[in-house]
Each structure stands twice: as C-alpha cells, then as structure tokens.
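One structure is given here, and the rest of the page talks about it.
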Amino acid sequence: MPKDAKTVLIVEDERAIVEILKFNLARAGYAPIEAIDGEAGLKAAREADPDLILLDLMLPKLDGFEVCRRLRAEGNTVPILMLTAREGEQDKVLGLESGADDYITKPFSMPELLARVKANIRRRDYDAPATEGPANEQVIGDLTIDMVAYVVRKKGVELDLTQKEFDLLRLFASAPGKVFSREELMEKVWNYEYYGDMRTVDVTIRRLRGKLEDDAANPTYVLTRRGVGYYFNGDLT
Ligand code: CA
C-alpha cells in the first residue's frame with residue numbers, strides 16, 4: 001500500500017459487503033478502515049479523519065442519514081458517498097439533503113463504486129495551487145474563495161460548505177454570467193457520466209443557496225436561467 005494512501009472509512013453492518021469493499025479498496029491503493037454501526041461510524045469519522053466515507057443507509061444504532069447530518073452539523077466536510085439498498089428516489093434526495101455528496105445503489109458494480117470513490121476524493125487534490133497566500137484567493141462581490149484551504153467567506157464569515165457545494169460555487173465563480181446546464185454541472189463537478197438523475201444538481205444547489213444567500217428563495221449569487229441551467233450573478237463582479 002502506498003505510504004500516502006487515502007483513508008476510506010466503510011460504515012456498513014453487512015460483513016460480506018465490508019470484506020469485499022476492503023479487499024477492492026486496498027487493491028486500488030486505498031487504506032480502508034471499518035465501522036459496523038452508526039455510532040462506531042461517527043466515532044471513527046471524528047477520530048480517524050478519513051479522506052472519504054462510504055456510508056450505508058440502513059445501520060444499527062444510528063442510520064446513515066443521521067450520521068451524515070451529525071457530521072455536517074459539526075462542520076465536517078469529508079466527502080460522503082452513501083450506499084443505499086433502496087431504489088426509492090426519496091432516499092436519494094433525503095441522502096443528499098442530509099449532506100451526502102453522492103450515493104450509489106446496491107447492488108453496485110465494483111468498478112463504478114471505485115470510480116465514484118476516486119472522483120469524490122479527487123477534489124481535495126485537484127488543481128490546488130502549491131503555495132499559500134492571497135494569490136490562492138478569489139474575491140468576487142463580498143465572497144472570498146480560498147482555493148487551497150477550501151474555505152469560502154461571505155463578508156469575512158466562513159461558510160460551512162460541503163465539497164460539492166464548494167466545487168459548484170468555485171465553478172460558477174470562475175465564469176460569472178456563464179450559464180451552466182445541469183448536465184454540464186454534473187460532468188464537471190461530479191466528474192463522471194451519470195445515469196440521468198439531475199435532481200442531484202438541483203438538491204445540491206438548493207443546499208448551497210441555503211448557506212450562501214441572505215434569502216434562498218430570492219437568490220442573488222447563484223441564479224436560475226429557467227429551462228437552461230444555473231449561473232453566477234455577473235453583476236456582482
Ligand atoms: Ca445495512
């Protein structure tokens with residue numbers, strides 16, 4: 001295993017799934033650790049500071065939604081990929097609203113799962129400048145986006161964004177006024193071909209607005225071009 005292997009925390013109560021995930025993650029160069037229920041998962045997430053969490057939805061003690069909500073409430077922005085056995089749309093939307101970055105439905109194919117793990121971890125590394133300092137900050141309106149620390153401040157106050165929310169905002173802010181279709185956002189922010197559930201984009205934007213806007217119902221930063229997509233308000237620059 002590489003010395004700088006990324007740690008993946010598996011929170012799952014089905015032994016057989018844990019074993020197959022551990023085996024395949026280790027083979028792909030990750031350092032897997034495991035927790036068998038929601039409480040143990042929460043503890044491991046706090047103490048081991050993993051690079052990604054694979055979080056089963058149906059768990060003893062605390063379910064996946066609750067684990068996710070608690071971590072986000074503590075300001076933990078670790079990428080969370082939720083495993084759900086159910087096909088229900090409602091689960092997916094609930095998972096995303098509880099703060100998960102992504103979800104995958106069981107039974108999943110291992111190559112697809114590994115691709116999603118990679119895509120969701122990748123963001124901490126990709127295109128972050130090597131040096132620190134103001135050059136790594138983008139100031140846009142009353143927002144300051146720190147590309148290295150992955151921190152966004154609004155009028156000096158830090159916003160608690162998850163990674164996907166941060167990536168979305170950074171993409172929007174990189175091209176104020178440019179309208180991004182949901183397909184384009186899915187490809188650029190989620191990094192892989194998706195199987196058509198564009199509600200993931202809408203839900204994440206709704207969450208981002210909830211944190212970013214003074215009034216999420218009347219957004220002034222991230223605007224909607226009806227029937228086309230979303231864009232950053234060019235008048236703020
Ligand atoms: Ca389970």
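The figures here come from the full heavy-atom set of this structure, side chains too, leaving out hydrogens, waters and symmetry mates. If you're wondering where the values come from, they're calculated on a predicted model, not measured in any experiment.
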Step-by-step salt bridge (Lys or Arg N to Asp or Glu O under 4.0 Å) determination, Arg70 to Glu74: CA-CA 6 Å; Arg70 292 197 192 180; Glu74 292 167 9; over 6 Å; no
Asn76 vs Asp49, side chain to side chain contact (heavy atoms under 4.5 Å, CB included): CA-CA, chis, key distance, verdict: CA-CA 9 Å; Asn76 193 322; Asp49 192 23; 5.6 Å; no
CA sep, side-chain torsions, deciding dist, call: Glu12, Ile36, side chain to side chain contact (heavy atoms under 4.5 Å, CB included): CA-CA 5 Å; Glu12 166 68 84; Ile36 57 156; over 6 Å; no
From CA spacing to verdict: side chain to side chain contact (heavy atoms under 4.5 Å, CB included), Thr200, Met186: CA-CA 8 Å; Thr200 299; Met186 188 56 91; 3.8 Å; yes
Trace of the side chain to side chain contact (heavy atoms under 4.5 Å, CB included) decision for Phe65 with Leu55: CA-CA 9 Å; Phe65 293 140; Leu55 181 60; over 6 Å; no
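When atom types are taken as modelled, the side chain of Arg207 and the backbone of Lys211 share no donor-acceptor pair closer than 3.5 angstrom. A side-chain donor-acceptor contact under 3.5 Å links Asn24 to the backbone of Ile20. Of the possible donor and acceptor atoms, none in the side chain of Glu39 sits under 3.5 Å from a partner among the backbone N and O of Leu62. Counting only distance, with no hydrogens or angles, the side chain of Asp51 and the backbone of Thr7 share a donor-acceptor pair below 3.5 Å.
Residue Leu161 holds its CG atom at 9.0 Å from CD of Glu158, rounded to the nearest 0.5 Å. One finds the CG atom of Leu168 at 8.5 Å from the OG1 atom of Thr162 (value rounded to the nearest 0.5 Å). Considering CG of Asp160 and CD of Glu165, their distance stands at 9.0 Å, rounded to 0.5 Å. In this structure, the separation between OH on Tyr103 and CG on Leu81 is 11.0 Å, given to the nearest 0.5 Å. Between atom CD1 of residue Ile205 and atom CG of residue Leu169 there is a gap of 10.5 Å, rounded to the nearest 0.5 Å. Taking CG of Leu159 as the start and OG1 of Thr144 as the end, the distance is 10.0 Å to the nearest 0.5 Å.
Annotation: side chain of Val222 is in contact with side chain of Leu208 (closest heavy-atom distance under 4.5 Å). In this structure, Leu52 and Val117 have side chains that are in contact, with non-hydrogen atoms separated by less than 4.5 Å. Side-chain contact check for Leu25 versus Ile10: some heavy-atom pair is nearer than 4.5 Å. Considering only heavy atoms from C-beta on, Asp202 comes within 4.5 Å of Arg182 through its side chain. By the 4.5 Å heavy-atom criterion applied to side chains, Glu184 and Tyr230 are not counted as neighbours. Residues Pro79 and Ile53 are not in side-chain contact: their nearest non-hydrogen atoms beyond the backbone lie 4.5 Å or more apart. The shortest side-chain heavy-atom distance between Asp56 and Lys106 falls under the 4.5 Å cut-off. In this structure, Leu9 and Val11 have side chains that are in contact, with non-hydrogen atoms separated by less than 4.5 Å.
Contacts of Arg15 classified as salt bridge (charged side-chain N to carboxylate O under 4.0 Å, His left out), with partners at least two apart in sequence or in another chain: Glu19, Glu34. Under the side chain to side chain donor-acceptor pair (under 3.5 Å) criterion, Thr224 pairs with Arg209, not counting sequence neighbours.
Geometrically, Lys164 does not engage Phe166 in a cation-pi contact, judged by NZ or CZ lying under 6.0 Å from the ring centre and within 45° of the ring axis.
By the rule that hydrophobic residues join a cluster once side-chain heavy atoms approach within less than 4.5 Å of another member, Tyr30 and Ile17 end up as members of one cluster. Under the 4.5 Å side-chain heavy-atom criterion for Ile, Leu, Val, Met, Phe, Trp and Tyr, Val228 and Leu223 are members of the same hydrophobic cluster. No path of Ile, Leu, Val, Met, Phe, Trp and Tyr side chains, each step under 4.5 Å between heavy atoms, connects Val189 with Val179, placing them in separate hydrophobic clusters. Side-chain heavy atoms closer than 4.5 Å link hydrophobic residues (I, L, V, M, F, W, Y) into clusters, and following such links, possibly through other members, connects Leu54 to Met110.
Between Tyr231 and Phe172, the distance from one ring center to the other does not fall under 6.0 angstrom.
Looking at Lys154 and Asp214, a side-chain N of the basic residue comes within less than 4.0 Å of a carboxylate O on the acidic one, giving a salt bridge. In this structure, Glu47 pairs ionically with Lys43, as a charged nitrogen and a carboxylate oxygen lie closer than 4.0 Å.
Between the side chains of Asp101 and Asn120, no donor-acceptor pair is found at a separation under 3.5 Å. Side-chain contact check for Asp167 and Tyr150: no donor-acceptor pair (N or O, by modelled atom type) lies under 3.5 Å. At a cut-off of 3.5 Å, with distance as the only test, a side-chain donor of Thr220 or Glu213 sits close to an acceptor on the other residue.
Nearest heavy-atom pair across Cys68 and Gly99 is SG-C, 3.5 Å. Residues Ala45 and Pro50 come closest through the heavy atom pair O-CD, 3.5 Å. Considering all non-hydrogen atoms of both residues, Leu114 and Ala28 come closest at CD2-CB, 4.2 Å. Between Ile140 and Ala173, the shortest heavy-atom distance links the atoms CD1-O, 3.8 Å.
Within a 6.0 Å radius of CG in Leu171, other residues, nucleotides and ligands contribute more than 12 heavy atoms.
Ring-plane geometry between Phe232 and Tyr221 is classed as tilted, the angle between the planes lying from 30 to 60 degrees on a 0 to 90 degree scale.
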